[in-house]
Every structure is written in structure tokens, then in C-alpha cells.
Amino acid sequence: AQFVPPYTEDCRRGTYPPSGPTFKGIVPWYKINLDLAPRVRWNQLINDKKVELTSLIQVIKNLANDFFPSGKLIEIVDKSLAPLVDTLPSPFNEELKGIADVSGVPLGEVMLFNIFYEVFTV
Amino acid sequence: CTSLVAEDNAGRLYHARNLDFGLFLGWDVKNESWKIPEYLRPLTVNLNFQRNNKTVFKSTNFAGYVGMLTGMRPGTFTLTMNERFSIDGGYIGIIEWILGKRDGIWMSFLTRSVLENATSYAQAKDQLAKTKMLAPAYYILGGNQSGEGCVITRSRTAALDIWELDIKHGIWYVLETNYDRWKDPLFLDNRRIPAMKCMNQTTQANISVETIYDVLSTKPVLNKLTTYTTLMEISEGTFESYLRDCPNPCMPW
């Protein structure tokens with residue numbers, strides 16, 4: 001039955017510790033110091049993941065541009081979502097600004113990434 | 001997503017999740033996978049939030065995302081959030097927010113706020129059930145005492161249902177995918193029944209971090225949207241996360 005959608009397998013056994021084709025790697029640990037100012041507490045992590053974050057945002061922009069080839073949607077995101085950051089409660093507003101500073105990703109696009117889950121509940 | 005809280009015969013509480021995200025957001029023809037999970041995997045990190053050099057809470061997160069979807073306040077409670085789809089969805093909350101109606105809270109910010117500030121299972125449950133939000137959600141909460149585990153089904157304004165562990169009546173686990181428990185899941189997206197079948201086969205006597213990983217590794221509970229699996233056990237402070245893949249044949253969701 002595994003080869004017929006929905007590809008329902010017999011319950012797996014003995015898969016732990018993780019290995020094999022369904023395991024893509026361990027997740028690295030980072031420390032976030034809440035005693036630091038919100039604007040700088042994500043700096044180390046974002047420095048390390050700057051390339052990956054930029055790549056994800058670019059994929060999202062490409063998808064948006066597939067639907068709106070004029071580039072208007074991303075223009076709206078950059079112009080309209082950035083001021084919205086100031087309406088977020090502390091410390092989230094300052095943290096997003098810090099992430100935009102370090103990553104070089106426009107603030108509106110950082111905001112878009114952070115509200116993705118809300119947007120896709122429809 | 002699939003989240004569950006389970007209690008073993010000794011009263012130990014386990015909490016685990018598969019995070020699935022990125023449906024319909026671009027298909028990579030070459031790799032036969034969704035694009036967003038491919039790009040989210042390298043961004044996945046475990047975070048240890050500290051104050052005065054002491055851990056306040058731990059989380060599995062995406063770099064650049066400041067809200068929380070998965071976390072543990074060591075020794076106190078564990079928490080995951082699953083997406084709940086609704087016509088009265090988050091986009092309405094966002095529009096209200098833009099228009100200046102800002103009495104609700106962003107759902108992943110609420111998760112973080114609870115992890116950061118709530119000091120007991122009861123307090124966390126109360127905040128998750130009663131705080132007005134911008135989008136509907138399922139909150140899956142585990143505590144540190146026998147019987148402390150629940151799924152809170154939230155609309156934007158209220159808790160529609162709180163489904164709790166009830167060991168005396170044989171409910172030794174609660175399991176949530178992305179559908180209200182009183183409704184059948186979409187027939188094309190039924191991860192609930194396969195997951196429950198595997199939990200029932202495992203039995204309460206054999207539940208552990210290892211066997212829960214087995215359940216979350218069984219297709220279609222594991223699917224092409226699955227980015228990571230997190231396993232938590234509150235009494236030992238176990239917090240483990242693994243990046244996942246679902247080679248063919250595998251359901252796209």
C-alpha cells in the first residue's frame with residue numbers, strides 16, 4: 001500500500017537514533033542572551049545564517065513575482081510592511097530591526113517572513 | 001504539522017512534533033519537493049534563551065523568525081503550535097492590525113511570550129486559552145505532572161475546545177494535526193488516523209522518545225512538507241531536533 005497514495009506505511013520501528021534517507025542532519029544550538037538589547041541579541045545567529053536567510057527571502061520574492069510579474073507586490077511589502085514593525089510590541093519590533101540591520105534584508109521583507117504563519121491560515 | 005503529548009505508565013510526559021510548512025509555495029521539479037521546506041531546513045536552529053546566564057526556555061526555530069512554534073520551559077511545560085485553517089483566518093487579523101485595531105496578539109509572539117513568562121502549566125494554559133489573537137491556531141501544551149497535557153483549539157477570539165489527557169479513562173495521549181478533533185480531516189490529508197494507529201500499536205507501556213520518533217517517521221505523518229522533528233521529555237529535560245526528508249514515494253502534504 002505504500003506505493004499507492006497516500007503512501008501509508010506500516011508503522012515504522014527502530015528508526016531511532018535517526019539515520020538513513022529520512023534524516024537530513026542534526027539541528028545546531030545557539031544561545032540568545034535576553035539580557036542584551038533586543039536589537040543586538042540575534043546578531044551572532046543572523047551573521048551565521050545571513051546567506052540562508054537571504055536565499056529564503058529571495059525564493060519568496062520569486063514566488064510573489066511569478067504571481068505579480070510587475071514586482072508591485074514586493075514593492076508594497078517593502079514600502080507598507082516596514083512601517084508596521086513600529087506597531088509591534090516590544091521586544092519584537094526592535095528585534096526585527098536588528099535582524100534587518102545585520103542580514104541586509106529590507107525590514108518589510110523580514111516582517112513578511114515573521115507573519116508568514118498568520119498569512120497562510122486561510 | 002503533527003503534534004502530540006503522551007504519558008507513559010510511570011507518569012513521564014513526552015511532547016513531540018513534526019513541523020510541516022510550505023504547501024503550494026513552489027514545487028522543485030528536479031528534486032520533487034516543495035521549495036520552502038528546502039530553504040527552511042538550513043535555517044532551522046535550536047535556541048537556548050538565557051537570562052543571567054540561566055536558561056529561561058529552549059526552542060526549535062528558524063533564523064530570522066522571532067516568534068516561537070516549538071519550545072520547552074525546562075521543568076515546567078512544553079509547547080507547540082499547529083496551523084489552523086479558517087475562513088476567519090489570520091489575513092483578517094492582519095488587515096485589522098493595519099487599520100489600527102490592535103487588541104489581538106500575533107500567534108507566534110503569544111507562544112514566545114508564554115514560554116518566556118508563564119511559570120506553570122496552569123498559567124500557560126490560561127494565557128493560551130484566553131488571549132485574543134490575530135489568527136486561529138492549535139496550541140499543544142504539556143506539563144510536568146501526570147495528566148498535564150492538552151490541545152487548545154483557538155479561534156481568533158476564544159478557546160473553542162480544550163482536549164485534555166485523562167489517564168483514568170484511557171486517554172494517555174492527545175494528538176493534533178491541522179483539523180478540529182470533532183471533525184473528520186480532509187480525505188486527501190489524513191495524517192491523524194495513521195499517527196493514532198501507530199500510537200495505539202506502540203501502547204502506553206512502550207512509549208518513549210525512541211518510539212515517538214518512529215511514529216513521526218511513518219508516512220504520511222512524515223511527508224514532503226516536514227522540515228524538522230522535535231522530541232521533548234520534561235522530567236529529564238530532553239530536547240532534540242532533527243532535520244527531515246521524505247524520499248519518494250511520499251505524500252506532498
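Residue numbers begin at 1 in each chain, while the letters A, B, ... track the order of the sequences. Treat the numbers as computed from the prediction; the structure is a model and nothing was measured. Atoms considered below: every heavy atom in the structure, side chains included; atoms not considered: hydrogens, waters and symmetry mates.
Taking B:P252, B:C246, B:C250 one by one and counting their heavy-atom pairs under 4.5 Å with chain A, the maximum is reached by B:C250. The greatest number of non-hydrogen atom pairs below 4.5 Å with chain A, out of B:T230, B:I94, B:D189, B:L43, is found for B:L43. With respect to chain A, the highest number of heavy-atom pairs below 4.5 Å among B:E240, B:R41, B:R112, B:K197 belongs to B:R112. Most heavy-atom pairs under 4.5 Å with chain A: of the set B:P220, B:G64, B:C198, this distinction falls to B:G64. Interface check for chain A: of the options B:Y228, B:F62, B:F21, the most heavy-atom pairs under 4.5 Å are formed by B:F21. With chain B as the partner, the residue from A:P18, A:P21, A:P17 showing the most heavy-atom pairs under 4.5 Å is A:P18. For the options A:L88, A:I26, A:L96, A:L36, heavy-atom pairs under 4.5 Å to chain B are most numerous at A:L88. Heavy-atom pairs under 4.5 Å with chain B peak, among A:L84, A:I46, A:V110, at A:L84. For the options B:K58, B:K35, B:R191, B:E38, heavy-atom pairs under 4.5 Å to chain A are most numerous at B:K58.
Within the 4.5 angstrom heavy-atom criterion, no atom of B:L216 approaches chain A. In this structure, the portions of B:R244 lying under 4.5 Å from any heavy atom of chain A include both its backbone and its side chain. Contact annotation for A:I99: only side-chain heavy atoms (C-beta onward) come within less than 4.5 Å of a heavy atom of chain B. For chain A, the nearby parts of B:F239 are the backbone and the side chain; heavy atoms of each come within less than 4.5 Å. In this structure, the portion of A:W42 lying under 4.5 Å from any heavy atom of chain B is its side chain and not its backbone. No part of B:I105 comes within reach of chain A, as not one of its non-hydrogen atoms sits under 4.5 angstrom from that chain. When heavy atoms are compared at a cutoff of 4.5 Å, B:K219 approaches chain A by way of both its backbone and its side chain. In this structure, the portion of B:V56 lying under 4.5 Å from any heavy atom of chain A is its side chain and not its backbone.
The local environment of OH in B:Y14 is crowded, with over 12 non-hydrogen atoms from other residues, nucleotides or ligands closer than 6.0 Å. Taking a 6.0 Å sphere around NZ of A:K61, one finds it holds more than 12 heavy atoms contributed by other residues, nucleotides or ligands. Environment of CG in B:N53: sparse, with no more than 12 heavy atoms of neighbouring residues, nucleotides or ligands closer than 6.0 Å. Residue-environment remark: NZ (A:K72) stays at or below the threshold of 12 foreign heavy atoms within 6.0 Å.
Counting only residues at least two apart or on different chains, the ring-ring contact (aromatic ring centres under 6.0 Å, His included) pairs with a member in residues 80-114 of chain A are A:F92-B:F109, A:F113-B:Y65.
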Self-check item: Candidate pair B:I212 and A:Y16, rule side chain to side chain contact (heavy atoms under 4.5 Å, CB included), full reasoning
Solution: CA-CA 9 Å; B:I212 290 174; A:Y16 189 95; over 6 Å; no
Exercise. Show your working on side chain to side chain contact (heavy atoms under 4.5 Å, CB included) between B:Q50 and A:I32 and close with a plain yes or no.
Key: CA-CA 6 Å; B:Q50 295 190 341; A:I32 302 292; over 6 Å; no
Quiz item: Going through the distances and angles, do A:K31 and B:T55 end up as a side chain to side chain contact (heavy atoms under 4.5 Å, CB included)?
Solution: CA-CA 9 Å; A:K31 189 170 87 174; B:T55 298; over 6 Å; no
Quiz prompt | Residues B:L47, A:L45; criterion side chain to side chain contact (heavy atoms under 4.5 Å, CB included); working and verdict | solution = CA-CA 10 Å; B:L47 301 176; A:L45 171 61; 3.9 Å; yes
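Nearest heavy atoms, A:V27 versus B:Y242: CG2-N, 4.0 Å. Here the closest heavy-atom approach between residue A:D10 and residue B:T218 is recorded as O-CG2, 3.7 Å. Of all heavy-atom pairs between B:M251 and A:P6, the closest is CG-O, 3.0 Å. Of all the heavy atoms in A:N114 and B:V66, the pair that sits closest is OD1-N, 2.8 Å.
Using a 4.5 Å heavy-atom cutoff, the side chains of A:I60 and B:I36 are in contact. For the pair B:E116 and A:L34, the minimum side-chain heavy-atom distance is below 4.5 Å. Side-chain contact check for A:I115 versus B:W106: some heavy-atom pair is nearer than 4.5 Å. The shortest distance between side-chain heavy atoms of A:W29 and B:N48 falls below 4.5 Å.
The closest donor-acceptor contact from the side chain of B:N52 to the backbone of A:D35 lies at 3.5 Å or more, if one exists at all. Looking at A:T15, its side chain never comes within 3.5 Å of a backbone N or O of B:S217 through a donor-acceptor pair. Of the possible polar contacts, one joining the A:K49 side chain to the B:P42 backbone as a donor-acceptor pair under 3.5 Å is found. In terms of modelled atom types and a separation under 3.5 Å, the side chain of B:D214 and the main chain of A:G14 share a donor-acceptor contact.
Taking the charged nitrogens against the carboxylate oxygens, A:R13 and B:E210 have no contact shorter than 4.0 Å, which rules out a salt bridge.
The only member of B:L222, B:D245, B:T229 that meets side chain to side chain contact (heavy atoms under 4.5 Å, CB included) when paired with A:T22 is B:L222.
Atom-to-atom distance recorded for A:R41:CZ and B:F49:CZ is 8.5 Å, nearest 0.5 angstrom. We find the OH-CZ distance between B:Y213 and A:F23 to be 6.5 Å, quoted to the nearest 0.5 Å.
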